[in-house]
Q: 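Take a look at the following structure, please.
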Amino acid sequence: MLPQPAPKPDILARRDEIVAGLRALLPDDAVIGDALRLKPYETDGLSAYREVPLAVALPSTTEQVAAIMAFCHREGVRVVPRGAGTSLSGGALPMADSVVLGLMRMNRITEIDYADRLAVVQAGVTNIGITQAVAGQGFFYAPDPSSQLACMIGGNVNMNSGGAHCLRYGVTANNLLGLKLVTVEGEILEIGGAHLDSAGYDWLGLLTGSEGQLAIVTEVTVRILRAAEGARAMLAAFRSNEVAGACVDSIIGSGIIPVALEFMDRPAIHACEAFANAGYPLDAEAMLIIEVEGSIAEQDFLLDRLKAICAQHDPISLKVSTSAEESLAIWKGRKGAFGAVGRISPDYMCMDGTIPTSQLPHVLRRIGEMSADYNLQVANIFHAGDGNLHPLIMFDANDPSSFAKAEKFGADILTLCVEVGGCLTGEHGVGVEKRDLMGVQFTETELDQQRRIKSAFDPGWLLNANKVFPLKGLAAE
Amino acid sequence: MTPTTEQGVIEAIQQAHDAAEPLAIAGRNSKQGLLRPVQAARTLSTAGLTGITLYSPSELIISARAGTTLAEIEAAVAAKGQHLVAEPPDFTALFGQVQPQTLGGIVASNLSGPRRIAWGAMRDHVMGVRAVNGTGESIRSGGRVLKNVTGLDLCKLLTGSHGTLAVLTEITLKVAPAPEQRATLVLRNLPPTQAVAALSAALGSPYAVSGAAHLPAAQASFIPGLGQTPATLVRLEDFAPSIAYRSDRLRTDLAPFGQVEILDDTLSRLAWTAIRDCAPFAGMQGALWRVSVRPSKGPQVAAALEQAFGAAWFLDWGGGLVWIAGPATTEAHNAVAAAAQAHGGTHTLFRAPETLRAAVAVIPPEPAALTAIAARVKAAFDPRGILNPGRMHAGL
């Protein structure tokens with residue numbers, strides 16, 4: 001377990017005063033100060049880490065957020081922003097002396113403009129909620145993280161969330177136009193807007209993926225896109241990870257960019273098939289889900305080309321979905337992968353490195369060796385087009401030594417990802433989980449450069465101070 | 001100074017830092033005329049940092065040193081059937097320059113072409129950078145993979161920062177397969193608001209439109225294949241069977257706006273290159289502005305400036321990018337800035353004599369709280385303010 005920053009004793013001592021100060025700013029039901037009701041806010045999707053916060057504030061407007069920030073800034077109170085609490089990296093983990101700023105009540109869509117292809121939504125609107133609001137006109141919001149039913153756009157912005165379709169449609173950063181922010185001092189700022197590429201520094205790009213380190217996002221202007229006429233998936237099963245990896249290279253090299261290109265190894269295939277009955281080939285070592293879009297004739301054209309490419313790699317089986325239902329079943333297995341692994345192991349840890357795709361066979365071989373060394377099973381799911389690898393490490397949380405081993409195994413995998421030219425995190429964020437691995441990817445000079453940018457926005461390091469940067473940086477401030 | 005290694009850049013900046021001596025940052029000077037003039041006795045050029053360092057077509061990644069010409073990179077990816085997604089423009093003719101532009105220059109200025117409306121800006125395709133900050137420290141951000149959220153995204157912050165935060169030394173771009181074929185649908189004689197409505201209909205279709213522009217007659221005459229009538233253009237780029245199918249469907253969908261002509265692959269290439277490079281205004285005297293605005297507001301900005309000073313203009317990005325030509329006067333500049341602001345957009349004084357560029361806010365000033373943050377961010381990279389001082393804002 002990673003250590004957390006020491007709470008400020010003076011803040012802990014003034015708990016009642018701080019809660020009362022928040023109550024003076026917000027309606028009664030928008031401040032939580034009692035231990036029992038604080039409990040649900042102690043953790044997020046990285047549930048091994050828990051810390052009950054000092055208080056929770058649940059604002060409904062940007063002005064209320066500004067009032068809370070001005071108050072916390074004046075009083076020197078740390079703030080941890082929170083959306084739906086689905087972070088897999090501990091991005092919403094509180095500190096004992098922090099106020100959790102929960103944005104889930106800011107859940108209104110304030111504008112939809114189909115002609116200009118944008119929507120203005122508050123931070124607490126769910127990812128799927130945006131698509132649902134515009135689906136009637138044939139539009140959608142593109143980034144689709146697996147948690148999209150629950151996760152909120154404010155969190156998506158802060159973590160720069162991806163999904164299975166970013167090979168074609170990009171990640172969150174590529175689908176934003178503007179933000180409304182509250183600074184640590186409580187100033188309300190608007191950056192970007194309904195237009196592309198504001199002149200001046202790219203604040204929108206810097207804020208996206210900043211993991212709550214720089215400001216509080218309260219409202220987001222997103223691009224909405226017209227959906228393609230249709231989509232269809234195919235399954236291709238192979239005898240080895242190497243062959244499947246070579247097939248991915250051939251597909252990208254052919255000039256076709258599928259809208260999704262997902263890779264699963266044998267343990268992942270078996271877990272997901274037991275869960276979804278999707279017709280996954282149980283005799284395969286590796287499997288690709290390949291999805292294309294367009295009219296039926298366009299899908300046929302692309303799938304015929306893809307079948308021909310796959311056929312050159314000695315597949316065990318090739319199966320093109322013949323109906324919308326079959327495509328749904330194929331995706332149900334993949335999108336349910338976490339739940340499926342949860343059925344075969346008491347607990348699992350979902351890792352999130354990115355590697356150059358050419359390194360896939362080597363990396364999977366090394367993960368297999370580590371799995372044997374640690375005596376922990378692992379299933380691998382991979383966004384093959386963009387190199388984002390999700391090893392699911394299975395362990396037993398009731399056994400502390402099992403958890404410690406799993407954490408070490410995970411760190412070894414991420415270190416390997418960096419060694420082969422990749423990075424620590426492709427879409428889940430650094431959070432608490434990977435905080436102390438940052439030195440594997442960055443030099444101390446580079447981390448200091450990032451810390452100085454953090455300080456430019458948040459000179460007192462009040463925002464989400466237990467995340468992203470190794471703790472000694474915090475002490476240095 | 002034109003160092004040939006990153007170490008040379010480091011040493012040059014360390015010296016300037018120690019002496020608190022401002023440096024103008026340049027590649028091959030093709031964009032010298034952009035934004036505010038920099039007052040510096042010496043210029044640090046990245047033109048000596050050349051060469052492609054990594055190209056992996058099946059991983060959709062290319063890395064090159066900052067001084068590599070864009071033409072060299074475009075040729076390398078074209079040889080493998082790929083292209084640069086943001087369709088970076090070539091403004092050397094517009095600025096009356098002869099030297100080819102560099103990778104570092106196009107990234108530092110975050111300039112994107114017509115495809116920006118559908119596929120993102122240069123900044124969306126910068127996957128990794130190496131750079132030297134204002135104290136002479138080498139810093140990296142991002143990497144050579146397509147998906148990376150590790151740490152603060154300095155790739156995006158440095159892209160479009162015009163050399164004011166750090167000097168880019170090496171850049172990794174995401175590339176994509178080049179389309180098999182292009183076609184352009186053309187509607188004639190539409191008034192601007194109708195034209196943008198047609199462009200919105202096309203961009204809101206399921207057919208993956210990758211370019212959407214409107215030109216009044218005088219500007220259309222500079223575009224191959226258009227002649228001298230107002231022209232509204234919609235581009236498709238895809239596999240050949242999709243081009244045939246989608247052209248047909250769009251022709252039907254756009255029928256309420258008039259009869260559709262089709263430009264073939266060859267003419268499409270020429271037409272969109274001319275739009276990309278702002279060919280209609282390349283030979284024109286006076287000043288040139290770009291306004292980025294909500295697409296449906298583009299025609300209103302254009303109309304306001306036509307009235308204010310007889311502006312010549314055309315629209316790209318579905319109406320959201322307004323190119324404006326007019327007299328190089330403070331009055332005209334203020335009218336552009338006011339029109340952009342009134343419609344919720346931003347302006348850039350893109351080309352003008354040095355006297356005007358030194359006298360006005362070439363990009364909009366930011367609110368006080370953001371100006372304070374910007375000054376601290378600048379200091380976080382360049383505490384002595386030696387890198388391209390005053391390039392974007394006076395005093396920063």
Q: Which atoms of A/F442 are under 4.5 Å from chain B, going by heavy atoms: the side chain, the backbone, both sets, or neither?
A: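 Both backbone and side chain of A/F442 come within 4.5 Å of chain B.
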Q: Side chains of A/Y201 and B/T164: do they bring a donor and an acceptor to under 3.5 Å?
A: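 Short answer, yes.
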Q: Decide yes or no for B/L152 and A/E211: does some side-chain heavy atom of the first lie under 4.5 Å from some side-chain heavy atom of the second?
A: no
Q: Decide, yes or no, whether a salt bridge links A/R305 with B/E180 under the criterion of side-chain N to carboxylate O below 4.0 Å.
A: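 Yes, this pair counts.
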Q: Working to the nearest 0.5 angstrom, can you tell me the gap between B/E59 CD and A/T357 OG1?
A: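 Interatomic distance, B/E59 CD to A/T357 OG1, rounded to 0.5 Å: 4.0 Å.
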Q: Rounded to the nearest 0.5 Å, how far does OG of B/S242 lie from CG of A/L302?
A: 6.0 Å
Q: To the closest 0.5 Å, what do you measure between OG (A/S198) and CD (B/E366)?
A: 9.0 Å
Q: So for B/N133, is it side chain, backbone, both, or neither that comes closer than 4.5 Å to the heavy atoms of chain A?
A: side chain
Q: How long is the span from the OG1 atom in A/T354 to the CZ atom in B/R144, to the nearest 0.5 Å?
A: 11.5 Å
Q: Can you find a pair of side-chain heavy atoms, one from A/I453 and one from B/R376, that are under 4.5 Å apart?
A: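 The answer is no, as the side chains (C-beta and beyond) never meet within the 4.5 Å cut-off.
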Q: Where does B/H347 contact chain A at under 4.5 Å (heavy atoms): side chain, backbone, both or neither?
A: backbone
Q: Between A/L447 and chain B, which part of the residue has a heavy atom less than 4.5 Å away: side chain, backbone, both or neither?
A: neither
Q: With a 4.5 angstrom heavy-atom cut-off, which part of A/H428 approaches chain B: side chain, backbone, both or neither?
A: backbone
Q: Please identify, among B/C155, B/S296, B/S161, B/A178, the residue contributing the most non-hydrogen atom pairs under 4.5 Å to chain A.
A: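 Most heavy-atom pairs under 4.5 Å with chain A: B/S296.
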Q: Do B/K156 and A/D202 sit within salt-bridge range, that is, some charged N less than 4.0 Å from a carboxylate O?
A: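 Between A/D202 and B/K156 there is no salt bridge, as every charged N stays at least 4.0 Å from the carboxylate O atoms.
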Q: Between B/S58 and A/D249 (side chain of the first, backbone of the second, donor and acceptor by atom type, cut-off under 3.5 Å), is there such a pair?
A: no
Q: For A/H195 and B/G320, indicate whether the former's side chain and the latter's backbone hold a donor-acceptor pair under 3.5 Å.
A: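 Checking the backbone N and O of B/G320 against the side chain of A/H195, no donor-acceptor pair under 3.5 Å is found.
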Q: Could you measure the distance from the OG1 atom of B/T150 to the CD atom of A/Q441? Nearest 0.5 Å is fine.
A: 4.0 Å
Q: Drop me the distance from A/D116's CG to B/K297's NZ, to the nearest 0.5 angstrom.
A: 8.5 Å
Q: Strictly by modelled atom types, are B/E137 and A/T445 linked by a side-chain donor-acceptor pair under 3.5 Å?
A: no
Q: For the pair A/Q449 (side chain) and B/A380 (backbone), establish whether a donor and an acceptor sit closer than 3.5 Å, ignoring hydrogens and angles.
A: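 Flag set: sc A/Q449 to bb B/A380 pair under 3.5 Å.
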Q: Against chain A, work out which of B/L35, B/T346, B/L158, B/L321 has the most heavy-atom pairs shorter than 4.5 Å and name it.
A: B/T346
Q: For A/P356 and B/V145, which heavy atoms make the closest approach, and how far apart are they?
A: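 Closest pair (atom of A/P356, atom of B/V145, distance): N-CG1, 3.5 Å.
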Q: Using non-hydrogen atoms and a 4.5 Å limit, figure out which bit of B/R123 sits close to chain A: side chain, backbone, both or neither.
A: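 Side chain of B/R123 only, per the 4.5 Å heavy-atom cut-off to chain A.
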Q: Go through the atoms of A/L207 and report whether side chain, backbone, both or neither lie under 4.5 Å from a heavy atom of chain B.
A: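 Neither part.
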Q: Salt bridge check, B/R294 against A/D113: does any charged N sit closer than 4.0 Å to a carboxylate O?
A: yes
